[in-house]
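The residues of the chain are indexed from 1 along the displayed sequence.
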Amino acid sequence: TFSKGLKKICKSAFAASSIKEAILYEGLETIDEYAFIGSWTGYYYVGKMTSLVLPTSLKYLGNYAFDGQAFNKVIIPDNITEIKDYTFSHCTNLDTVVLPKKLQSIGSYAFASCALQKIDEDFFPSTLTTIGDGAFSNNDDLEFVVLPAQIQTIGDWLFSGCDILKSVVFSSGLKALPNNVCEKCYQLIDVNIPEGITTIGDHAFYYCSRLSSIYLPESITTIGRELFAYSGLSKFTFPSKLEYVGNKMFYHCKQLSEISIPETIKRFEEDAFSECISLTSVTLPSSITEIPSGTFRNCSNIESIVLPEL
């Protein structure tokens with residue numbers, strides 16, 4: 001229990017302490033970076049705080065403020081408009097979060113390696129527009145995500161390593177999906193990408209080993225490398241505005257047995273279909289004038305290939 005006259009808790013004030021319960025009284029306005037960070041284990045921070053009560057007077061929470069602590073619930077006061085980087089990262093018991101009503105942004109890795117199970121429209125306030133890199137990465141209990149329409153920007157690695165994530169609905173306010181957004185989401189089977197998104201970054205669905213099908217909207221024009229590498233795709237239809245097959249786009253997609261390459265595709269990048277061992281036949285469109293290095297490398301079951309007429 002802290003003093004009722006307390007206005008500010010400064011940087012690293014209780015870092016690596018053994019505090020188990022923190023009841024912070026009204027009047028407190030600032031908790032600086034690292035204020036209650038846990039003890040360093042050599043890999044991440046671990047603390048002993050199992051209970052936290054934040055006052056409604058709080059206006060600022062610093063980076064890493066509670067990184068590694070053990071509480072399972074936090075209600076973040078409504079005066080907070082920004083959650084900083086790593087604020088609640090590695091709070092591995094944290095399964096209940098109430099976000100402030102005026103929140104505008106969530107920083108990088110703010111809730112990484114927590115225990116959240118579901119993130120949907122009810123989770124986010126209507127004022128939130130920006131979510132930083134890896135903010136919900138490595139949440140091992142997270143199964144379902146719906147990002148509401150007001151979210152306009154999301155960072156790289158946002159849901160990377162969420163082992164049991166099954167379904168993601170991306171915001172219609174987005175113009176791009178960033179790098180590694182769902183990388184290594186091994187149980188992911190359902191992805192909703194809205195029309196209006198034009199760009200998907202590198203490794204966005206890398207190692208999504210149960211993802212057997214996905215629809216890319218017609219608005220997609222740009223994709224990153226290894227987009228579906230090591231995924232479970234068994235078939236795929238190209239959006240009409242996409243003019244190339246990206247570098248290692250389908251690398252090691254062992255279940256990919258059906259692929260239709262339309263005339264709108266004008267080029268392949270290297271190793272586009274390498275290691276796709278279930279492909280048995282390929283017909284190339286007349287728009288293709290060059291087959292780069294490794295395009296069909298180790299596609300050991302291809303029995304026929306129809307080349308374009310020149």
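- Proximity of a side-chain donor or acceptor of S219 to a complementary backbone N or O of I197 within less than 3.5 Å is detected.
- Hydrophobic clustering of Ile, Leu, Val, Met, Phe, Trp and Tyr side chains at less than 4.5 Å, counting indirect connections, unites M249 with Y244.
- Under a 3.5 Å cut-off, the side chain of T96 and the backbone N or O of K73 do not form any donor-acceptor pair.
- Formation of a donor-acceptor pair under 3.5 Å by the S51 side chain with backbone atoms of E21 is not found in this model.
- Below 30°, between 30° and 60°, or above 60°: for F296 and F273 the angle between ring planes is below 30°, a parallel geometry.
- Between the side chain of T153 and the main chain of T130, no donor-acceptor pair closer than 3.5 Å is present.
- With contacts defined as side-chain heavy-atom distances shorter than 4.5 Å, the pair L233/I214 qualifies.
- Taken to the nearest 0.5 Å, the CG atom of D78 stands 10.0 Å off from the CG atom of L103.
- Checking T56 against E26 by side-chain atom types alone, a donor-acceptor pair falls below 3.5 Å.
- Panel note: side chain T81, backbone Q104; no donor-acceptor pair is recorded below 3.5 Å.
- In the hydrophobic clustering of this structure, Y186 does not group with V168; members are Ile, Leu, Val, Met, Phe, Trp, Tyr whose side-chain heavy atoms approach within less than 4.5 Å, directly or through other members.
- Each of Y45, Y109, F111, Y34 was evaluated against Y86; a single residue qualifies, Y109, per the ring-ring contact (aromatic ring centres under 6.0 Å, His included) test.
- Between L256 and I277, every side-chain heavy-atom pair lies at or beyond the 4.5 Å cut-off.
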Stepwise side chain to side chain contact (heavy atoms under 4.5 Å, CB included) check, V191 with I193: CA-CA 6 Å; V191 178; I193 303 173; 3.7 Å; yes

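- Legend: residues meeting ring-ring contact (aromatic ring centres under 6.0 Å, His included) with F144, ordered by chain and number and at least two apart, are absent.
- In this structure, the separation between NZ on K175 and OG1 on T198 is 7.5 Å, given to the nearest 0.5 Å.
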Evaluation steps, side chain to side chain donor-acceptor pair (under 3.5 Å), between E183 and H203: CA-CA 6 Å; E183 180 193 50; H203 311 106; 5.4 Å; no

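- A chain of hydrophobic side-chain contacts below 4.5 Å, direct or via other Ile, Leu, Val, Met, Phe, Trp or Tyr residues, connects L188 to F159.
- Scanning both residues, A204 and P178, for their nearest heavy atoms gives CB-O, 4.2 Å.
- Between L216 and I200, some side-chain heavy-atom pair lies under the 4.5 Å cut-off.
- For the 3.5 Å distance criterion, the side chains of E263 and S286 qualify, holding a donor opposite an acceptor.
- Minimum heavy-atom separation, S171 to P194: O-CG, 3.4 Å.
- Between the S274 side chain and the D271 main chain, no donor and acceptor come within less than 3.5 Å of each other.
- The distance from atom CG of N79 to atom NZ of K102, rounded to the nearest 0.5 Å, is 6.0 Å.
- No side-chain heavy atom of V145 sits less than 4.5 Å from a side-chain heavy atom of D120.
- The heavy-atom pair separating V97 from F123 by the smallest distance is O-CE1, 3.8 Å.
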Check against side chain to side chain contact (heavy atoms under 4.5 Å, CB included), L242 and T221: CA-CA 5 Å; L242 185 65; T221 60; 5.8 Å; no

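- Side-chain contact check for W157 versus N179: every heavy-atom pair is 4.5 Å or farther apart.
- Expressed to the nearest 0.5 Å, how far CG of N192 lies from OG of S172 amounts to 9.5 Å.
- Contact annotation: the side chain of L142 never approaches that of I164 to less than 4.5 Å [non-hydrogen atoms, C-beta and beyond].
- Annotation: F236 is in aromatic contact with F250 [ring centroid separation under 6.0 Å].
- Rounding to the nearest 0.5 Å gives a distance of 8.5 Å between CD of E290 and OG1 of T295.
- Side-chain contact between V306 and V282 is absent, with no heavy-atom pair separated by less than 4.5 Å.
- Contact check on E243 versus K241 returns no salt bridge, with no Lys/Arg side-chain nitrogen under 4.0 Å from an Asp/Glu carboxylate oxygen.
- Between the CD1 atom in I259 and the OG1 atom in T237 there is a gap of 7.5 Å [rounded to 0.5 Å].
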Enumerate donor-acceptor pairs with a distance under 3.5 Å from any side-chain N or O in residues 57-72 to protein atoms, sequence neighbours excluded.
residue: S57; atom: OG; partner: G27; partner atom: N; Å: 2.7
residue: S57; atom: OG; partner: L28; partner atom: N; Å: 3.3
residue: S57; atom: OG; partner: L28; partner atom: O; Å: 2.8
residue: N63; atom: OD1; partner: D85; partner atom: N; Å: 3.2
residue: Q69; atom: OE1; partner: K48; partner atom: N; Å: 3.2
residue: Q69; atom: OE1; partner: M49; partner atom: N; Å: 2.9
residue: Q69; atom: NE2; partner: F36; partner atom: O; Å: 2.5

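- Residues D133 and D156 share a closest heavy-atom pair of OD1-N, 2.9 Å.
- At a threshold of 4.5 Å between side-chain heavy atoms, the hydrophobic network of Ile, Leu, Val, Met, Phe, Trp and Tyr places V169 and F124 in two separate groups.
- Between the side chain of S257 and the main chain of K235, no donor-acceptor pair closer than 3.5 Å is present.
- N298 and E275 are linked by a side-chain donor-acceptor pair at a separation below 3.5 angstrom, with hydrogens and angles left out of the test.
- In terms of modelled atom types and a separation under 3.5 Å, the side chain of S287 and the main chain of I265 share a donor-acceptor contact.
- Heavy-atom minimum distance, P100 versus P77: CB-O, 3.0 Å.
- Checked against the 6.0 Å centroid threshold, F228 and Y251 do not count as a close aromatic pair.
- For the pair L158/I131, a side-chain contact is recorded, criterion being any heavy-atom separation below 4.5 Å from C-beta on.
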Stepwise side chain to side chain contact (heavy atoms under 4.5 Å, CB included) check, I288 with L307: CA-CA 9 Å; I288 294 295; L307 300 175; over 6 Å; no

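- Salt-bridge check for D32 with K8: passed, with a basic side-chain N closer than 4.0 Å to an acidic carboxylate O.
- H90 has its ring centre less than 6.0 Å from the ring centre of Y44.
- The aromatic rings of Y230 and Y207 lie parallel to each other, with less than 30° between the two planes, well short of the 60° mark.
- Within 6.0 Å of the CD atom in E218, the count of heavy atoms belonging to other residues, nucleotides or ligands exceeds 12.
- Contact detail for P217 and P239: the closest heavy-atom pair is O-CB, 3.3 Å.
- Linking Ile, Leu, Val, Met, Phe, Trp and Tyr whenever their side-chain heavy atoms come within less than 4.5 Å leaves Y206 and L211 in two separate clusters.
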T264 vs F238, side chain to side chain contact (heavy atoms under 4.5 Å, CB included): CA-CA, chis, key distance, verdict: CA-CA 9 Å; T264 50; F238 289 92; 5.6 Å; no

